[in-house]
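Notes follow once the structure below has been shown.
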2 protein chains.
Amino acid sequence: MKNRLRVLRAERAWSQQDLAERLGVSRQSVNAIETGRYDPSLPLAFRIADVFGLKIEDVFANPSREDAQ
Amino acid sequence: MKNRLRVLRAERAWSQQDLAERLGVSRQSVNAIETGRYDPSLPLAFRIADVFGLKIEDVFANPSREDAQ
DNA sequence: GCGCGATGTCAAGCGTGCGTTACATTTCGT
DNA sequence: ACGAAATGTAACGCACGCTTGACATCGCGC
């Protein structure tokens with residue numbers, strides 16, 4: 001599933017480590033999600049949207065509508 | 001994580017089996033999510049929001065804000 | 001009373017989300 | 001040139017999302 005983590009993180013000048021600490025997960029988890037190696041759990045997706053002040057739909061692309069929009 | 005699956009399903013008069021088929025998962029998965037035994041994956045959460053024509057935030061309660069609203 | 005749809009739950013198995021540890025590479029300040 | 005920060009990736013272990021198959025209960029029409 002595509003996501004805008006890298007861009008959102010860059011806008012705030014946060015390292016993967018910074019973001020990981022704000023989320024309460026490991027740096028490797030942030031990296032894996034960012035590089036698309038796996039999708040976050042739903043609770044983690046909520047926390048991610050939270051730290052950026054966005055909705056989940058604004059951070060992650062709906063996989064069933066990847067070509068839309 | 002709390003969710004409004006049971007209510008949304010009742011509004012449409014769908015059985016758990018009906019919803020499961022629309023989502024492409026087993027009836028047991030729908031039941032487990034509905035009864036709160038576990039949270040759906042993020043891709044499945046997107047599909048669930050889709051079949052109800054809602055946003056993820058309108059179906060699932062943000063666990064870090066459960067008392068809010 | 002009987003059968004049937006709907007629901008709840010269990011067990012076993014598989015793939016994956018996330019942790020820890022570790023190592024390599026790149027980039028940057030001094 | 002050197003050290004440190006940032007990033008990418010790998011191996012291993014554990015917990016969980018989801019499957020199939022099965023069984024029990026409940027409410028309903030007949």
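A note on names: the letters A, B, ... follow the listed sequences, proteins ahead of strands, and every chain is numbered from 1.
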Taking for D18(B) and for A32(B) the nucleotide of DNA chain C with the nearest heavy atom, the one nearer the 5' end belongs to D18(B)
**Message:** With a 4.5 Å cut-off on side-chain heavy atoms, are I56(B) and L42(B) touching?
**Reply:** yes
When rounded to whole Å, the CZ to P distance for the pair R37(B) and dC10(C) reads 7 Å
Taking dT7(D), dG8(C), dC18(D) as options, the one with an atom nearest any side-chain atom of L44(B) is dC18(D)
Rounded to whole Å, CD1 of I48(B) lies from C1' of dC18(D) at a distance of 12 Å
dG8(C), OP1 or OP2 - any side-chain N/O from T35(B) closer than 4.0 Å? no
Next on the checklist: Given the structure, check if the side chain of E34(B) and the base of dT7(C) hold any donor-acceptor pair shorter than 3.5 Å.
Outcome noted: no
(Q) Ignoring hydrogens and geometry beyond distance, is the side chain of Q28(B) in donor-acceptor contact with the base of dG21(D) at under 3.5 Å? (A) yes
Any side-chain to backbone donor/acceptor pair from D50(A) onto R47(A)? Under 3.5 Å, distance only.
no
Notebook entry, point to check: How is S41(B) classified with respect to the nucleic acid when contacts are heavy atoms under 4.0 Å: base, sugar-phosphate, or nothing?
Noted result: sugar-phosphate
E21(A) CD to dA6(D) C1', in whole Å, measures 13 Å
Checklist entry - Under the 3.5 angstrom rule, does the side chain of T35(A) hit a backbone N or O of N31(A) as a donor-acceptor pair? => result yes
From CD of Q17(B) across to P of dT20(D) the rounded distance in Å is 11 Å
In whole angstroms, the gap separating C1' of dA6(C) from CZ of R9(B) amounts to 9 Å
Q16(A) atom CD is separated from dT27(C) atom P, nearest whole Å, by 15 Å
- Using a cut-off of 4.0 Å on non-hydrogen atoms, how would the nucleic acid contact of S29(A) be classed: base, sugar-phosphate, or nothing? sugar-phosphate
For a quick check, tell me whether the side chain of R27(A) and the base of dG19(C) share a donor-acceptor pair closer than 3.5 Å.
no
Rounded to whole Å, the CG-C1' distance (D39(B) to dC18(D)) equals 13 Å
What contact category does S26(B) fall into here, base, sugar-phosphate, or nothing, at under 4.0 angstrom with non-hydrogen atoms? base
In whole angstroms, the gap separating P of dT25(C) from CG of N31(A) amounts to 17 Å
Separation between CZ (R4(B)) and CG (L54(B)), nearest 0.5 Å, reads 7.0 Å
Using a cut-off of less than 4.0 Å, is there contact between a side-chain N or O of R47(A) and OP1 or OP2 of dC18(C)? no
